[in-house]
Amino acid sequence: MGSIYHSRGDYKTAIRYLNDALEMWDRLLHGSSVDKSKTLATLGIVHGFIGNLKEAKEYHMRCLEMRIEIFGENHPMIGPSLNNLAIIYDRMGDLEEALNLHLRALALKRRWFYKPNQSLVNSLNNVAIQYMFREEYDKALQYLQEAEKMQEEIAGSGRHSVYTNLNLGKVFVYMEQYEQAEMHLTLASEWYEEKRGSNIITAEAFEFLGMALHGLGRHNEAKEAVGKSLAMYKNESANVDVDKDIPRVRALLDKVSLCKDKDDLPESRTAMILRVDGRPLIAEGNNQNMDNTVNKVGSDPWKPMTAVSKDLQSAFIIVAEDTGYRWRDLARRLGLTEAQIQGVVSKHQGRLMECCMDVLEAWQKALGPKVTTQLLQSALLDCDLKAIAETIGATEEQKVEIINHKKKLSAVFYTIAEDTGPKWKDLARKLGLKPAQIDGTETRHHREIKECCMDVLETWRLREGGAATIQALEQALREADLVALADETMCQMDMSPVR
């Protein structure tokens, strides 16, 4: 719920729910857990959005320490935590530490992802932004051009990001290459305005587009772009800290308005106001992509959720958090039409948790008082989501056992995904996945072996629920001729008790 209210721009409510979630984790689990680390990360992100930098740093530090305790220092889950902490150091003015953390995150991801990946694109942008702050534009451009090439390679997945275009446009403005800047910034500003509406990043895109147009001597167009930017910053003033942004953009608008001839921009050090105060650029703490971190708020806020019972609301949250990309199957089981499903996709731009929650609310609205946890469990079982069905029907004591069981499996899954290699398909077959599921997994992850293997293991866990045991997994590994990995897995479990 905290993540949902954060995406809606209701940060105070988000913090309240997240604090409640953290308190519940502390009661249920006194040690470290992956889910608890996600709550800490989200709290850090939300506090960063509203300018509570001290609190944001504390939560991100706790998240990083917890993930290192669980996974070690070289696990892919460490990268997002480093990025989030770096963003806070950036906004606190410690640019040296921010760059160091972003470079560490990028190096870690390069070791883990050996094919184009959105997370790598995010990190390349992060490093480039730090070099922009240092006015080392040639270095920034190198990282951004690598990110642009990588983004083009993964664009076939249907995921489109123009954040790299925005940053390329900014670099070209600083380098006074205004024609190239205009090309990238026009693409970025139009995309963000259409997909995200009035928000901080859209405002920033129009601000820099205005600078580029001003540099080209097209002052009327520049005035229109900067005026849009100022209006968006003002629109966001109730949600985020824009106290330094509004005076800066107002001054730029006044300057542009006075120009009539094709005047050159003054030197970039005086005319371009670099964001040494910073703002949330990328927030990666819950494995979200960077375009999902700043959502449309203010101009078209989402409607409040339909009232449901406390137990059913808890069930909805569990389902929305755990279902992932499988939400479409659940939507069909709950009776939604393909047109309704497509409407959910268009509304939430692929944000899985929000998509699933919207489906559940639509189902609840359609059936009214007939909606029960038992009906939801039945639909989940039909979708091979037994683990989720068991969780929403469990007592509090049983939920503690389920969390511990999931934590044990997660630790083993990462080891298996790292070492299975091209035999992941053999393992998938031994775990009972159908050929169509295996093909779908390969397509979804663009044949990235580790991600394919993780998806297979998670699909198996969700299907089997409590029957997804370490012993059953060991047997499947042996049948897939992965004997050494089976032995390593059992040894790991013998030596690594649940924290």
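Everything numeric in this text was worked out from a predicted model, so none of it was measured.
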Legend entry - Main-chain N/O of C259 paired with H214 side-chain donor or acceptor, under 3.5 Å: no
Inset, instruction - Would you tell me whether Q177 and Q180 have side-chain atoms, one donor and one acceptor, within less than 3.5 Å of each other? - result: yes
Legend entry - D245 CG to Y233 OH distance, which is reported to the nearest 0.5 Å: 4.5 Å
Inset, instruction - State, yes or no, whether a side-chain contact exists between L106 and L124 at a heavy-atom distance under 4.5 Å. - result: yes
Inset, instruction - Kindly determine whether E204 and K228 satisfy salt bridge (Lys or Arg N to Asp or Glu O under 4.0 Å), including the steps that lead there. - result: CA-CA 10 Å; E204 184 176 45; K228 271 191 176 182; over 6 Å; no
Legend entry - CZ on R250 to CZ on R248, rounded to 0.5 Å: 12.0 Å
Legend entry - Audit row: C356, V319, side chain to side chain contact (heavy atoms under 4.5 Å, CB included) steps and yes/no: CA-CA 8 Å; C356 190; V319 173; 3.9 Å; yes
Inset, instruction - Starting at CZ of F413, measure out to CE of M454 and round the result to the nearest 0.5 Å. - result: 7.0 Å
Legend entry - Nearest heavy atoms of I416 and C453, plus distance in Å: CG2-SG, 4.1 Å
Inset, instruction - Would you mind reporting whether L473 and W460 have side-chain heavy atoms less than 4.5 Å apart? - result: yes
Inset, instruction - Working to the nearest 0.5 Å, report the span between CG of L95 and CZ of F133. - result: 7.0 Å
Legend entry - Qualifying residues under side-chain hydrogen bond (donor to acceptor under 3.5 Å, both in side chains), relative to K57, sequence neighbours excluded: none
Legend entry - Side chains of W191 and N165 in contact at under 4.5 Å (non-hydrogen atoms): no
Inset, instruction - Examine distances only and state if a side-chain atom of R91 and a backbone atom of G48 form a donor-acceptor pair shorter than 3.5 Å. - result: yes
Inset, instruction - State whether the side chain of N125 and the backbone N or O of V121 hold a donor-acceptor pair below 3.5 Å, judged by distance alone. - result: yes
Inset, instruction - Report the C-alpha separation of Y414 and F71 in whole Å, then their side-chain angles, then the decisive distance to 0.1 Å, and conclude whether the ring pair (Phe, Tyr, Trp, His ring centres under 6.0 Å) test is met. - result: CA-CA 9 Å; Y414 286 114; F71 301 116; 5.1 Å; yes
Legend entry - Over all atoms of both residues, closest heavy-atom pair of A225 and L213: CB-CD1, 4.4 Å
Legend entry - Partner set under side-chain hydrogen bond (donor to acceptor under 3.5 Å, both in side chains) for E221, not counting sequence neighbours: R218
Legend entry - Candidate pair L166 and H184, rule side chain to side chain contact (heavy atoms under 4.5 Å, CB included), full reasoning: CA-CA 6 Å; L166 173 58; H184 287 287; over 6 Å; no
Legend entry - Validation row: M132, N167 side chains within 4.5 angstrom (heavy atoms): yes
Legend entry - Check: D35 main-chain N/O paired with T39 side-chain donor or acceptor under 3.5 Å: yes
Legend entry - Flag, side chain of S189 to backbone of T186, donor-acceptor distance under 3.5 Å: yes
Legend entry - Heavy atoms from other residues, nucleotides or ligands near CD of E96 exceed 12 (cutoff 6.0 Å): no
Legend entry - Exam field: side chain T323 to backbone R326, donor-acceptor pair closer than 3.5 Å: no
Legend entry - Heavy-atom pair with the smallest gap, counting every atom of D419 and L485: CB-CD1, 3.9 Å
Legend entry - Shortest non-hydrogen contact between G421 and I449, atoms and distance: O-CG2, 3.1 Å
Inset, instruction - Quick one: pull up CD1 in I70 and OG in S33 and give me the separation to the nearest 0.5 Å. - result: 6.0 Å
Legend entry - Donor + acceptor pair across side chains of S119, K109 (<3.5 Å): yes
Inset, instruction - Find out whether E190 and E194 are in side-chain contact, i.e. whether some heavy atom of one side chain is under 4.5 Å from a heavy atom of the other. - result: no
Inset, instruction - Under the side chain to side chain contact (heavy atoms under 4.5 Å, CB included) rule, what do V226 and M211 come out as? Steps first, then yes or no, please. - result: CA-CA 8 Å; V226 178; M211 292 179 182; over 6 Å; no
Legend entry - Check: N199/T202 side-chain N/O donor and acceptor closer than 3.5 Å: yes
Legend entry - Heavy-atom side-chain contact between K450 and W424 under 4.5 Å: no
Legend entry - Aromatic plane relationship, Y137 with Y174 - under 30° parallel, 30 to 60° tilted, over 60° perpendicular: parallel
Legend entry - Distance-only polar pair, side chains of N126 and Y143, donor-acceptor under 3.5 Å: no
Inset, instruction - With side chain to side chain contact (heavy atoms under 4.5 Å, CB included) as the test, would you mind laying out the steps for L64 and H60 before giving the verdict? - result: CA-CA 6 Å; L64 177 61; H60 285 314; over 6 Å; no
Inset, instruction - State whether E458 and R461 are salt-bridged, where the test is any N-O pair (Lys NZ or Arg NE/NH1/NH2 against Asp/Glu carboxylate O) under 4.0 Å. - result: yes
Legend entry - Note: E354-K347 ion pair, threshold 4.0 Å (strictly below): no
Legend entry - Any K399 side-chain heavy atom under 4.5 Å of I318 side chain: yes
Legend entry - Residues K170, E207: salt bridge by 4.0 Å N-O rule: no
Legend entry - Least distance between heavy atoms, R67 atom then P80 atom: NH1-CB, 4.4 Å
Legend entry - Side chain proximity check, H75 to I78, heavy atoms < 4.5 angstrom: yes
Could you go through residues 97-104 and list every donor-acceptor pair under 3.5 Å that involves a side-chain atom there, pairing it with any protein atom two or more places apart or in another chain?
| residue | atom | partner | partner atom | Å |
| --- | --- | --- | --- | --- |
| H102 | ND1 | N83 | ND2 | 3.0 |

Inset, instruction - Could you tell me which non-hydrogen atom of A56 sits nearest to which non-hydrogen atom of I88, and how far apart they are? - result: CB-CD1, 3.7 Å
Inset, instruction - Measure the spacing between CE of M232 and CZ of F206 and express it to the nearest 0.5 Å. - result: 5.0 Å
Inset, instruction - For the pair R444 and E451, find out whether any cationic side-chain nitrogen is under 4.0 Å from an anionic carboxylate oxygen. - result: no
Inset, instruction - Mind telling me whether Y59 and H47 have parallel, tilted or perpendicular rings, with 30° and 60° as the class edges? - result: parallel
Legend entry - Ion pair check, K406 and D322, cut-off under 4.0 Å: yes
